[in-house]
Amino acid sequence: MNYWLVKSEPDTYGWHHFTKQGRAVWDGVRNYQARNNLRLMQLGDQVLFYHSILNPGVVGLATVVRESYPDPTFPDASAPARWFVVELEPVMALAKPVTLAQIKAEPMLAAIGLIKQSRLSVMPIRPDEFELILKMGMTGEAGSV
DNA sequence: GCCAACGTTGGC
DNA sequence: GCCAACGTTGGC
């Protein structure tokens with residue numbers, strides 16, 4: 001079991017779009033490092049869903065329901081696949097979003113990729129980091145999809 | 001709107 | 001292969 005964090009701008013594709021749709025093809029990734037991370041995702045991996053730009057923070061939990069395959073939105077279908085997608089499904093909303101400010105203020109999260117590589121849109125999360133963020137997000141009533 | 005970080009492109 | 005120019009992301 002691996003843990004990941006994916007970013008999305010809430011204006012473009014936010015948690016609400018995701019839960020309404022029920023399942024998302026995570027397409028449009030055009031960064032090699034992010035692409036490599038996508039390709040490492042396995043069925044059942046846990047994925048933190050992060051809103052960037054507007055009220056930045058982790059808002060929900062998702063899971064990998066289909067492993068990587070060539071990105072159908074990439075125009076050149078004749079060339080060897082260069083970009084890939086996975087499919088994700090929502091698991092639950094966090095009762096309270098874990099804001100970027102909270103993450104930055106937490107010493108145990110000082111090494112998290114979110115801070116160290118602020119522009120990367122798909123990144124691995126350590127199990128301890130994952131557990132802590134989930135715990136921080138679960139204070140209060142449990143969220144639901 | 002501004003700026004820092006950083007990835008990509010293209011000239012040499 | 002190096003590096004300057006440029007574009008994009010994302011925080012504030």
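Protein chains get the first letters and strands the later ones, always in sequence-line order, with residue 1 at the start of each. Bear in mind the structure is a predicted one, so any value in this text is a computation, not a measurement.
- The separation between Gln33(A) atom CD and dA5(B) atom P is 17 Å, rounded to whole Å.
- Atom CG of Leu54(A) and atom P of dC12(C) are 13 Å apart (whole Å).
- Side-chain proximity of Ser121(A) to the nucleotides dC6(B), dC12(C), dG10(C) is greatest for dG10(C).
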Problem set entry | Full working for side-chain contact (heavy atoms from CB on, under 4.5 Å) between Ile53(A) and Asp11(A) | CA-CA 9 Å; Ile53(A) 312 278; Asp11(A) 287 343; over 6 Å; no
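- Residue Lys7(A) places none of its side-chain N or O atoms closer than 4.0 Å to OP1 or OP2 of dT9(C).
- By the 30° and 60° cut-offs, the orientation of the rings of Phe49(A) relative to Phe18(A) is parallel.
- The nucleotide whose nearest atom lies closest to any side-chain atom of Pro56(A) is, among dG7(C), dG11(C), dT8(B), dG11(C).
- Nucleotide dC12(C) holds its P atom 10 Å from the CG atom of Leu114(A), rounded to whole Å.
- A 4.5 Å side-chain heavy-atom check between Met41(A) and Asn2(A) finds every atom pair outside the cut-off.
- Glu9(A) places its CD atom 12 Å from the C1' atom of dG11(C), with the value rounded to the nearest Å.
- In this structure, the NZ atom of Lys116(A) is 11 Å from the P atom of dC6(B), given to the nearest Å.
- Here Tyr50(A) reaches the OP1 or OP2 of dG11(C): one of its side-chain N or O atoms lies under 4.0 Å away.
- Nucleotide dT8(B) holds its P atom 9 Å from the CZ atom of Arg119(A), rounded to whole Å.
- In this structure, Phe130(A) and Leu48(A) have side chains that are in contact, with non-hydrogen atoms separated by less than 4.5 Å.
- When the C1' atom of dT9(B) is taken as reference, atom CG of Asn31(A) falls 15 Å away, rounded to whole Å.
- Here the P atom of nucleotide dT9(B) and the CZ atom of Arg30(A) are 13 Å apart, to the nearest Å.
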